[in-house]
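Okay, structure first, notes after.
On a predicted model such as this, the values are computed, not experimentally measured, just so you know.
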Amino acid sequence: MSDTLEKAAAALNEKLADSGFGASAKFAIEGLGAIVLDGSGARVSDEEADVTMSADVDTFEQILSGELNPTGAFMSGKLTVDGDMGVAMQLASALA
């Protein structure tokens, strides 16, 4: 399991702690793997989710650090969304 993914999952848990995000979402990071987020938190996993967002490592790191807005990443084609767009928007708000 990637140390980068474990650190990212921990950072996402901190960001989402009080957000009330209860749906399921998956970040698929090219070349690394995936992180699933749901009501119980973020974890390294590749299970099914309501929405899957795919990006390269740099884009994911920029979103996680707050340098890049998830909506902006989607609009510029750096982030692809497959599934429930409403859930993706909820997650983007929770990460902002």
Side-chain angles (χ1 to χ4, degrees):
M1 215 175 293
S2 167
D3 189 44
T4 302
L5 289 178
E6 290 292 341
K7 287 179 183 176
L12 285 166
N13 277 322
E14 285 181 29
K15 284 183 173 264
L16 295 173
D18 297 320
S19 70
F21 181 76
S24 64
K26 178 170 37 175
F27 272 114
I29 302 118
E30 291 175 18
L32 280 184
I35 296 173
V36 172
L37 306 93
D38 59 22
S40 63
R43 63 196 169 281
V44 177
S45 175
D46 196 24
E47 62 198 67
E48 290 296 315
D50 297 326
V51 64
T52 299
M53 294 161 288
S54 303
D56 62 26
V57 175
D58 289 338
T59 300
F60 176 71
E61 288 176 348
Q62 289 175 7
I63 290 170
L64 191 60
S65 71
E67 292 175 43
L68 181 61
N69 179 298
T71 303
F74 173 73
M75 297 301 253
S76 66
K78 293 181 177 183
L79 178 72
T80 60
V81 177
D82 182 28
D84 189 328
M85 185 61 78
V87 171
M89 292 172 68
Q90 280 180 336
L91 180 57
S93 294
L95 292 176

Test: salt bridge (Lys or Arg N to Asp or Glu O under 4.0 Å). Region: residues 67-78. Which pairs qualify, not counting sequence neighbours?
none
Given 3.5 Å as the limit, does a donor-acceptor pair link the side chain of Asp50 with the main chain of Ala25, or not?
no
Could you list all the ring-ring contact (aromatic ring centres under 6.0 Å, His included) pairs where at least one residue sits in residues 38-72, not counting sequence neighbours?
Phe27-Phe60
Under 4.5 Å between side-chain heavy atoms, counting indirect links through other Ile/Leu/Val/Met/Phe/Trp/Tyr residues: same cluster for Leu64 and Val36 or not?
no
Asn69 versus Thr71, closest heavy-atom pair with distance
OD1-N, 2.6 Å
Show me the side-chain donor-acceptor pairs of residues 79-92 shorter than 3.5 Å, one per line, residues at least two apart or across chains.
unit_1: Asp84; atom_1: OD1; unit_2: Gly86; atom_2: N; d: 2.8
unit_1: Asp84; atom_1: OD1; unit_2: Val87; atom_2: N; d: 3.2

For residues 34-44, pull every pair meeting side chain to side chain donor-acceptor pair (under 3.5 Å), keeping only residues two or more places apart or in separate chains.
Asp38-Ser40, Asp38-Arg43, Arg43-Glu47
Here the salt bridge (Lys or Arg N to Asp or Glu O under 4.0 Å) pairs for residues 25-36, sequence neighbours left out, are Lys26-Asp46
Would you tabulate the side-chain donor-acceptor contacts of residues 51-59 under 3.5 Å, counting partners in other chains and residues two or more places apart, or write 'none'?
unit_1: Asp56; atom_1: OD1; unit_2: Asp58; atom_2: N; d: 3.3
unit_1: Asp56; atom_1: OD1; unit_2: Thr59; atom_2: N; d: 2.7
unit_1: Asp56; atom_1: OD1; unit_2: Thr59; atom_2: OG1; d: 2.8

Let me confirm one number: the CD-CG distance from Glu14 to Leu12, rounded to the nearest 0.5 Å.
9.5 Å
Just verifying a value: how many Å separate Thr4 OG1 and Glu6 CD, rounded to the nearest 0.5 Å?
10.0 Å
Shortest non-hydrogen contact from Ala73 toward Leu68
CB-CD2, 3.6 Å
